[in-house]
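For clarity, every value in this text was computed on a predicted model and none was experimentally measured.
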Amino acid sequence: MKGLRDITLLRIFKLIEESKFNFKEFAQACSIAPNSITDWKTGRSKPSVDALRKISKTYKVQLEWLTGDSKYRTKEEEFYELNKKKGEK
């Protein structure tokens, strides 16, 4: 399960970087405890399903993208790419 944890954390920290928020501001925007992000970064804990849902909802990304189960950030991106491929046939 280490791989899943790694991709999830990479994507969370990518969102933090893109948001230009520090850990505390990012946590507040997602309504999660600020120390959670530090704990994830240091490996003391991993994001709960609830935290992932909150991040997904706040930043409008698919939960599946956060966990590495999808390469598409959003449903719209996925829909566009799948329809684009259909049109190429």
A.B. asks: Calculate, to the nearest 0.5 Å, the distance between atoms CH2 and CD1 belonging to Trp40 and Ile16 respectively.
C.D. replies: 7.5 Å
A.B. asks: At what distance, to the nearest 0.5 angstrom, does NZ of Lys71 lie from CD of Glu77?
C.D. replies: 9.0 Å
A.B. asks: Say you draw a straight line from CG of Asp6 to NZ of Lys46; how long is it, rounded to the nearest 0.5 Å?
C.D. replies: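 It comes to 11.5 Å.
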A.B. asks: Any side-chain heavy atom of Lys41 sitting closer than 4.5 Å to one from Phe23?
C.D. replies: yes
A.B. asks: Is there a side-chain contact between Leu63 and Asp69 (heavy atoms, below 4.5 Å)?
C.D. replies: no
A.B. asks: Are Arg44 and Asn35 close enough that some pair of their side-chain heavy atoms sits under 4.5 Å apart?
C.D. replies: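 The answer is no, as the side chains (C-beta and beyond) never meet within the 4.5 Å cut-off.
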A.B. asks: Counting only heavy atoms not in Glu17, do more than 12 sit closer than 6.0 Å to its CD atom?
C.D. replies: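 Check fails, neighbour count at 12 or below.
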A.B. asks: Flag the pair Lys24 / Gln28 as yes when at least one side-chain heavy-atom distance between them is below 4.5 Å, and no otherwise.
C.D. replies: yes
A.B. asks: Using distance alone, with no hydrogens and no angle criterion, decide if Asp50 and Ser48 have a side-chain donor and acceptor under 3.5 Å apart.
C.D. replies: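 Per modelled atom types, Asp50 and Ser48 side chains form no pair under 3.5 Å.
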A.B. asks: Once rounded to the nearest 0.5 Å, what's the spacing between atom CG of Asn83 and atom CD of Glu78?
C.D. replies: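 Result: 10.5 Å between the selected atoms.
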A.B. asks: Flag the pair Ile37 / Ile12 as yes when at least one side-chain heavy-atom distance between them is below 4.5 Å, and no otherwise.
C.D. replies: no
A.B. asks: Would you give the length of the straight line joining atom CG of Leu52 to atom NZ of Lys57, rounded to the nearest 0.5 angstrom?
C.D. replies: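 The distance works out to 15.0 Å.
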A.B. asks: Taking all heavy atoms of Lys14 and all of Arg73, pick out the closest pair and write down the distance.
C.D. replies: CE-NH2, 3.3 Å
A.B. asks: Grab the two heavy atoms, one from Ala27 and one from Pro34, that are nearest each other, plus how far apart they are.
C.D. replies: CB-CA, 3.5 Å
A.B. asks: For Tyr59 and Phe26, take the angle between the two ring planes, folded into 0 to 90°, and tell me which bin it lands in: parallel under 30, tilted 30 to 60, perpendicular over 60.
C.D. replies: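 Correct class here is parallel.
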A.B. asks: Measure the OH-OG1 distance between Tyr80 and Thr74 for me, rounded to the nearest 0.5 Å.
C.D. replies: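 Reported value, rounded in 0.5 Å steps: 12.0 Å.
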A.B. asks: Do you know which two heavy atoms are closest between Thr58 and Cys30, and how far apart they sit?
C.D. replies: OG1-CA, 3.6 Å
A.B. asks: Tell me, with the steps shown, if Leu15 and Arg11 meet side-chain contact (heavy atoms from CB on, under 4.5 Å).
C.D. replies: CA-CA 6 Å; Leu15 288 173; Arg11 290 181 173 179; 5.9 Å; no
